[in-house]
Amino acid sequence: MPELPEVETTRRGIAPHCLGKTVSRLVVRQGQLRWPVPAALSTILPGQSLLAVERRGKYLLLQFAAGTAIWHLGMSGSLRLVEASSLPGKHDHIDLCFTSGLCLRFNDPRRFGALLWQPAAEPIEQHSLLAHLGPEPLSDTFDSAYLLARSRRVRVALKPWIMDAKVVVGVGNIYANESLFNAKLHPEQLAGSLTAKQAERWVAAIKTILQYAITRGGTTLRDFVGGDGKPGYFAQELNVYGRGGEPCTACAKPLVEIRLGQRSTVYCPRCQKLPKVNRKP
DNA sequence: AGTATCTCCTGCGTGC
DNA sequence: TGCACGCAGGAGATAC
């Protein structure tokens with residue numbers, strides 16, 4: 001499941017092979033993704049050369065002279081570089097082919113992904129999907145002062161709150177769980193009751209874990225040319241995610257699993273205490 | 001306006 | 001071996 005580290009890993013993996021390359025054609029085998037792939041893309045992209053591969057949150061931004069392709073991997077999507085001649089497999093929905101003979105192939109079994117287009121005439125940051133996004137978690141604008149200020153009078157539990165992309169982008173379920181554990185914060189603590197010290201711990205935990213996950217290639221390792229995805233080393237280093245009932249890595253007490261905002265949430269009842277005062281502010 | 005719930009989709013694990 | 005079922009989840013849409 002691509003979270004920010006995996007999207008960033010994808011960006012870094014494909015960029016060296018695609019930058020400056022000219023699109024030969026776009027093949028859309030299944031255009032019914034989260035939103036329909038704009039049909040016009042197949043005529044717009046050929047002839048365009050790829051000027052930059054950027055990332056905003058979990059959105060990959062492929063910049064061309066005519067505009068920017070916005071590519072989201074959803075939760076089961078992946079991009080891989082293959083020879084244009086290689087046969088597409090099941091769920092290989094889109095090929096972005098370059099004249100070099102390489103092809104950026106999008107595979108997405110659950111089709112939660114998306115490929116959209118913002119013409120160059122309209123600034124990419126004004127696209128409706130990007131316009132209201134919060135800061136990048138690894139940027140300096142995401143600090144404890146921001147988090148604390150943003151949390152005032154918020155009556156939502158910390159866990160679902162931090163997963164809100166308007167607060168900060170790129171913190172999905174895995175890293176929400178892990179960062180709360182590392183910062184010793186209870187997932188059900190109300191955001192409005194966050195203290196300055198807690199905000200500091202949490203911001204540091206989020207930055208550390210995301211940065212570390214990027215260096216380890218995300219939760220899934222991927223050979224971007226040819227090879228397939230395989231479980232990354234990072235998956236084995238998770239402290240709480242997917243470990244409900246198992247012993248806490250810090251104190252050995254069994255981890256508790258609950259549902260919070262329809263999402264699986266795992267925490268240590270000993271290491272992550274609710275504050276005495278957790279009333280709605 | 002802030003908060004909670006619903007929804008899209010397929011693969012996988014489980015129980016019968 | 002096969003089937004029904006529940007679950008997984010990013011994040012926009014919709015409903016309170």
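Naming convention: chains lettered A, B, ... in sequence-line order (proteins, then strands); numbering from 1 in each chain.
- The residue among A:His91 and A:Gly261 whose nearest nucleotide of DNA chain B is located toward the 5' end is A:Gly261.
- Within a 6.0 Å radius of NZ in A:Lys184, no more than 12 heavy atoms belonging to other residues, nucleotides or ligands are found.
- Between the A:Asp143 side chain and the A:Leu147 main chain, no donor and acceptor come within less than 3.5 Å of each other.
- Residue pairs meeting the ring-ring contact (aromatic ring centres under 6.0 Å, His included) criterion with at least one partner in residues 182-208 of chain A, sequence neighbours excluded, are A:His186-A:Tyr267.
- Comparing the end axes of the helix from B:dG2-C:dC16 to B:dC16-C:dG2, each fitted to five base pairs by superposing C1' atoms of four pairs onto the next four, gives an inter-axis angle of 50° (nearest 10 degrees).
- Each of A:Arg259, A:Lys159, A:Glu188 was checked for a side chain to side chain donor-acceptor pair (under 3.5 Å) with A:Thr265, and the lone residue meeting it is A:Lys159.
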Dump the intermediate steps for side chain to side chain donor-acceptor pair (under 3.5 Å) on A:Arg105 and A:Ser78, then the final yes or no.
CA-CA 8 Å; A:Arg105 181 163 283 174; A:Ser78 65; over 6 Å; no
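- Each of A:Arg263 and A:Trp161 was assigned the nucleotide of DNA chain B with the nearest heavy atom; the assignment lying further toward the 5' end belongs to A:Trp161.
- No donor-acceptor pair under 3.5 Å is formed between the side chain of A:Arg110 and the backbone N or O of A:Ser76.
- To the nearest angstrom, C1' of C:dG10 lies 8 Å from CE of A:Met163.
- The OH atom of A:Tyr241 lies 10.5 Å from the OH atom of A:Tyr175; values are rounded to the nearest 0.5 Å.
- When distances are taken from the side chain of A:Gln262 to each of C:dA8, B:dC6, C:dA11, the shortest belongs to B:dC6.
- Near DNA chain B, defined here as any heavy-atom distance below 4.0 Å, the residues from residues 110-118 of chain A are A:Arg110, A:Arg111, A:Phe112, listed numerically.
- Rounded to an integer number of Å, the gap from A:Tyr59 OH to C:dA11 C1' is 7 Å.
- OP1 or OP2 of C:dA11 sits under 4.0 Å from a side-chain N or O of A:His72.
- Between the CG atom of A:Leu4 and the C1' atom of C:dA11 there is a distance of 15 Å, rounded to whole Å.
- One can place CD of A:Glu257 at 7 Å from P of C:dA8, the figure rounded to the nearest angstrom.
- One can place CG of A:Asp108 at 14 Å from C1' of C:dA11, the figure rounded to the nearest angstrom.
- Counting any heavy atom pair closer than 4.0 Å across all strands shown, A:Lys166 reaches no nucleic acid atom.
- Side chain of A:Tyr241, nearest nucleotide from C:dG12, B:dT10, C:dA8: C:dA8.
- A donor-acceptor pair is defined here as one N or O able to donate and one able to accept, closer than 3.5 Å; no such pair exists between the side chain of A:Arg111 and the backbone of A:Gly113.
- Proximity of residues 27-42 of chain A to DNA chain C (heavy atom under 4.0 angstrom from any strand atom) is restricted to A:Arg34, A:Trp35.
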Test salt bridge (charged side-chain N to carboxylate O under 4.0 Å, His left out) on A:Lys58 and A:Glu6 and set out the steps.
CA-CA 9 Å; A:Lys58 295 176 187 172; A:Glu6 203 156 5; over 6 Å; no
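- Across the protein-nucleic acid pair, A:Leu190 atom CG and B:dT3 atom P stand 10 Å apart, rounded to whole Å.
- No donor-acceptor contact under 3.5 angstrom links the side chains of A:Gln48 and A:Thr22, judged on distance only.
- Among B:dA4, C:dA11, B:dT10, the nucleotide with an atom closest to any side-chain atom of A:Val156 is B:dA4.
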Evaluate the side chain to side chain donor-acceptor pair (under 3.5 Å) criterion for residues A:Gln272 and A:Gln189: first the C-alpha distance (whole Å), next the side-chain angles of each, then the deciding distance (0.1 Å), finally the verdict.
CA-CA 10 Å; A:Gln272 297 166 265; A:Gln189 179 177 341; over 6 Å; no
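- In the region residues 123-136 of chain A, proximity to DNA chain B at under 4.0 angstrom, judged on heavy atoms, holds for none of the residues.
- Residue A:Tyr175 places no side-chain N or O under 4.0 Å from the OP1 or OP2 atom of C:dG10.
- Using modelled atom types, one finds a donor on one side chain and an acceptor on the other under 3.5 Å when comparing A:Thr249 with A:Asn239.
- Legend: ring-ring contact (aromatic ring centres under 6.0 Å, His included) pairs involving residues 129-168 of chain A, not counting sequence neighbours: none detected.
- A straight line from CD1 of A:Ile258 to P of C:dC7 spans 16 Å, rounded to a whole angstrom.
- Between the C1' atom of C:dC16 and the CZ atom of A:Arg155 lies a distance of 15 Å, rounded to the nearest Å.
- Residues A:Thr215 and A:Gln211 have side chains that never bring a donor and an acceptor to within less than 3.5 angstrom of each other.
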Begin from the C-alpha positions of A:Lys197 and A:Glu200 and carry the test salt bridge (charged side-chain N to carboxylate O under 4.0 Å, His left out) through to its verdict.
CA-CA 5 Å; A:Lys197 272 198 163 15; A:Glu200 251 171 67; over 6 Å; no
